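The chains referred to below are lettered A, B, ... by the order of the sequence lines, with proteins before strands, and numbering in each begins at 1. Note that these values count all heavy atoms, side chains included, but never hydrogens, waters or copies made by symmetry. From a predicted model like this one, the values you see are computed outputs, not experimental measurements.
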2 protein chains.
Amino acid sequence: MEPTIKQLRYLLSVSEAGSFRGAADRLEIAQPTLTAQINTLENKLGVTLLERSRQGAQLTPAGRSFVPFIETILDQVASIRRLADEADGSLIGTYRLGVPPTLGPYFLPEVVPTIHSSFPDLKMFVRENAPRDLEVGLLHGEYDFIVTTLPMEIPNLSVEPLFNEPLVLVCAPDHAFAQQDEVQPADLKGESLLAIEEKHRLFDLMQTIAAQFSARLLRDYEGTSLDTLRHMIGTGLGIAFLPALYVKSEITSRQDVKSMNFVGPSFARGVVLAWRPGSRRAELYKKIAEIMRAVSRKNLSGHVTLDMQITGYDGGRL
Amino acid sequence: MEPTIKQLRYLLSVSEAGSFRGAADRLEIAQPTLTAQINTLENKLGVTLLERSRQGAQLTPAGRSFVPFIETILDQVASIRRLADEADGSLIGTYRLGVPPTLGPYFLPEVVPTIHSSFPDLKMFVRENAPRDLEVGLLHGEYDFIVTTLPMEIPNLSVEPLFNEPLVLVCAPDHAFAQQDEVQPADLKGESLLAIEEKHRLFDLMQTIAAQFSARLLRDYEGTSLDTLRHMIGTGLGIAFLPALYVKSEITSRQDVKSMNFVGPSFARGVVLAWRPGSRRAELYKKIAEIMRAVSRKNLSGHVTLDMQITGYDGGRL
DNA sequence: TTCTATGATAGCTAAATACTATCACATAAT
DNA sequence: ATTATGTGATAGTATTTAGCTATCATAGAA
């Protein structure tokens with residue numbers, strides 16, 4: 001029992017034309033059709049909207065009250081039509097990208113300019129979250145695609161591999177390690193090892209490293225962010241293995257912390273681009289992943305490796 | 001090929017419910033109906049609006065772009081519904097009243113308060129125009145009802161008589177007439193008689209008076225308004241017969257012009273309320289006319305007379 | 001008096017909207 | 001591994017709506 005857009009348009013057309021026949025001509029419908037539709041609209045609203053005479057028709061005072069609403073509706077409908085027309089062959093809408101805070105700020109600035117060059121019309125809205133929250137959010141429609149780390153917890157998402165990002169040993173300048181050219185695995189035994197909060201998947205890797213080399217994982221001093229970890233390292237609370245892109249961006253140029261050449265097995269986290277299997281934009285996301293790999297290969301080859309293959313959501317486990 | 005309000009409402013409902021079945025339940029329609037309507041909407045716009053999966057559905061980035069427009073449309077539709085509901089049994093809308101500038105400002109202030117007491121919900125928008133333009137405009141829908149003077153030029157309008165408004169002789173204080181207690185018709189012979197612009201029906205009456213008493217109608221000094229006439233009278237350019245309500249309002253309390261007791265035949269213009277015969281508000285206008293007569297009888301009886309009967313658009317010719 | 005223009009009504013058809021029944025598929029529960 | 005449950009989609013059908021033509025009643029113009 002609500003009006004239709006056609007009925008509203010018909011009413012305004014009668015008002016403008018000054019008669020049913022004149023309006024019917026403009027609308028390219030038969031005059032009895034117009035009469036019927038206006039009558040139906042008046043019945044739906046329970047208000048007489050037009051005053052009819054042999055000289056034609058015009059809006060009643062009540063009818064005029066509806067005009068601003070009707071004009072707004074028709075204007076918004078025209079906007080929808082225009083937007084739909086513009087959408088043809090273009091990337092309409094704002095795409096929501098989720099990234100881990102331990103990676104996004106140190107990686108996206110490297111690749112976003114190239115993505116924008118390739119897709120000038122693409123609008124992205126970036127939001128950070130822990131990897132498992134990213135994956136759950138992707139599933140629930142909070143993101144359109146995400147950069148996340150392996151191993152993923154949500155199965156059956158579509159995945160494109162990006163790179164492996166090693167972890168780099170970092171200590172204070174006055175730490176014993178800092179006077180050495182390199183650090184041996186045996187050197188880690190008994191060392192205090194700092195780690196990020198447990199909700200970050202990176203924590204798992206840091207815990208694995210601590211266990212493997214019998215270092216003491218300090219649980220009372222978990223960093224809420226990589227920067228917080230850096231500050232704690234600098235004050236001599238302990239040492240830590242930090243992601244290579246973070247080290248490149250925030251450690252290398254500093255005096256209060258030092259990255260070390262750890263001579264031992266390499267630990268790295270796999271980084272992938274993921275989206276929902278049902279997404280109609282799979283090709284777009286694949287292309288974005290290609291760009292991310294290409295830029296990483298060109299600009300970040302000393303910091304990440306790109307030789308991994310993904311065969312399932314468990315893929316990439318080191 | 002444009003969207004319907006129902007389809008737009010269906011789309012938002014799926015977005016909010018997170019699934020077709022959930023939305024169908026809320027909308028109280030069958031799920032296949034919803035699926036079909038969304039598919040039709042997507043075909044009309046040529047844009048994929050929803051991403052479907054077994055976990056449910058959510059808007060695509062493109063789909064999200066349409067949401068502000070759709071929300072505005074649905075909000076305006078709700079406003080139309082509310083306005084329609086409020087219209088039940090009330091005087092919805094703004095009624096446009098047309099009045100002659102030689103009468104409206106001196107008459108409406110007398111009656112509008114009483115009209116508002118009787119119809120608190122009535123909104124009137126008053127606009128001035130020359131009588132023949134008022135009548136043409138009424139026919140063309142520019143006014144809903146008008147106060148106009150006789151004789152009317154447009155036939156077959158619905159008319160309610162208000163009153164007869166005499167013309168009163170006015171001259172400068174230093175005019176010879178001002179020293180007399182009364183002015184005889186013979187005194188007018190050869191006198192310079194000022195008149196308002198020809199487009200006002202009042203001009204016709206002023207011309208008739210000049211002819212009947214052999215006064216000289218000054219055509220080079222036509223006043224564009226009654227106030228302009230008053231100024232010219234005050235500077236001694238000539239004398240004039242002015243409407244009684246104007247004289248009451250603007251002459252009686254002044255020192256620079258004087259109204260005279262003209263001992264001769266009375267000249268008056270008939271004043272009526274008119275509206276289109278097809279108007280659905282005839283009863284309202286009749287009641288307004290009754291109020292205007294009652295207020296005139298009570299407050300203006302020394303200035304206008306109310307004994308006239310209208311039998312046609314020529315009625316009231318004196 | 002006749003012609004022309006107005007809005008309204010009647011009867012009919014095509015298109016749109018809505019239904020039920022059922023399908024294919026994927027995930028959860030057993 | 002099997003069964004149950006939930007998802008969106010399809011097929012066939014019924015109902016409603018929108019549109020048509022033909023014609024009406026009425027009023028004003030010619």
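- Here B/Lys6 does not reach the OP1 or OP2 of C/dA16: none of its side-chain N or O atoms lies under 4.0 Å away.
- One donor-acceptor pair, N or O on each side, does fall under 3.5 Å between the base of C/dA8 and the side chain of A/Gln31.
- Although no hydrogens or angles enter the test, the distance criterion places no donor-acceptor pair under 3.5 Å between the side chain of A/Thr149 and the main chain of A/Val271.
- When distances are taken from the side chain of A/Pro32 to each of C/dT17, C/dC19, D/dA22, the shortest belongs to D/dA22.
- Judged purely by atom type and a 3.5 angstrom limit, B/Arg9 has no side-chain atom pairing as donor or acceptor with the backbone of B/Leu74.
- Between the CD1 atom of B/Ile5 and the C1' atom of D/dT17 there is a distance of 15 Å, given to the nearest Å.
- The backbone N or O of B/Leu49 sits less than 3.5 Å from a side-chain atom of B/Thr60, completing a donor-acceptor pair.
- Regarding A/Leu34, its CG atom lies at a distance of 18 Å from the P atom of D/dT17, rounded to whole Å.
- Whole-Å rounding puts the B/Leu41 CG to C/dA16 P distance at 14 Å.
- Within a 6.0 Å radius of CZ in B/Arg293, other residues, nucleotides and ligands contribute more than 12 heavy atoms.
- Not one N or O on the side chain of B/Arg276 forms a donor-acceptor pair closer than 3.5 Å with the backbone of B/Ser158.
- Donor-acceptor pairing under 3.5 Å is recorded for the side chains of A/Thr35 and A/Gln31.
- Regarding B/Gln37, its CD atom lies at a distance of 8 Å from the C1' atom of C/dA16, rounded to whole Å.
- At the phosphate of D/dA9, OP1 or OP2 sits under 4.0 Å from a side-chain N or O atom of B/Arg52.
- What separates CG of B/Leu50 from P of D/dG8 is a distance of 10 Å, to the nearest Å.
- The distance from atom NZ of B/Lys44 to atom P of C/dA15 is 15 Å, rounded to the nearest whole Å.
- The CG atom of A/Asp25 sits 11 Å away from the P atom of D/dC20 (whole-angstrom rounding).
- In the region residues 8-18 of chain B, proximity to DNA chain C at under 4.0 angstrom, judged on heavy atoms, holds for B/Tyr10.
- Looking at heavy-atom distances under 4.0 Å, A/Ser19 makes contact with sugar-phosphate atoms alone, never a base.
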| remark: Heavy-atom contacts, protein to nucleotides 24-30 of chain D, under 4.0 Å, summarised as B (base), S (sugar-phosphate only) or - (none) per nt, yield --BSS--
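- A salt bridge links B/Arg201 and B/Glu135; the closest N-O separation between the charged side-chain nitrogens and carboxylate oxygens is under 4.0 Å.
- Comment: B/Lys44 does not engage B/Glu2 in a salt bridge, judged by the lack of any side-chain N to carboxylate O separation of less than 4.0 angstrom.
- When distances are taken from the side chain of B/Ala30 to each of D/dA9, D/dT21, C/dC19, the shortest belongs to C/dC19.
- Looking at A/Arg64 and B/Asp144, a side-chain N of the basic residue comes within less than 4.0 Å of a carboxylate O on the acidic one, giving a salt bridge.
- Comparing atom distances between the B/Ile29 side chain and each of C/dT17, D/dA18, C/dC19 picks out C/dC19 as nearest.
- A/Arg52 contributes a side-chain N or O that, together with a main-chain N or O of A/Leu50, makes up a donor-acceptor pair within less than 3.5 Å.
- The separation between B/Ile38 atom CD1 and C/dT17 atom P is 12 Å, rounded to whole Å.
- Checking the phosphate oxygens (OP1, OP2) of C/dA8, a side-chain nitrogen or oxygen of A/Thr35 falls inside 4.0 Å.
- Nearest-nucleotide mapping onto DNA chain C: of A/Gly22 and A/Asn39, the residue sitting toward the 5' end is A/Gly22.
- Remark: B/Thr33 is in phosphate contact with C/dC19, judged by side-chain N or O atoms under 4.0 Å from OP1 or OP2.
- You'll find that the side chain of A/Ala57 is closest to C/dG7, out of C/dG7, D/dG8, D/dA18.
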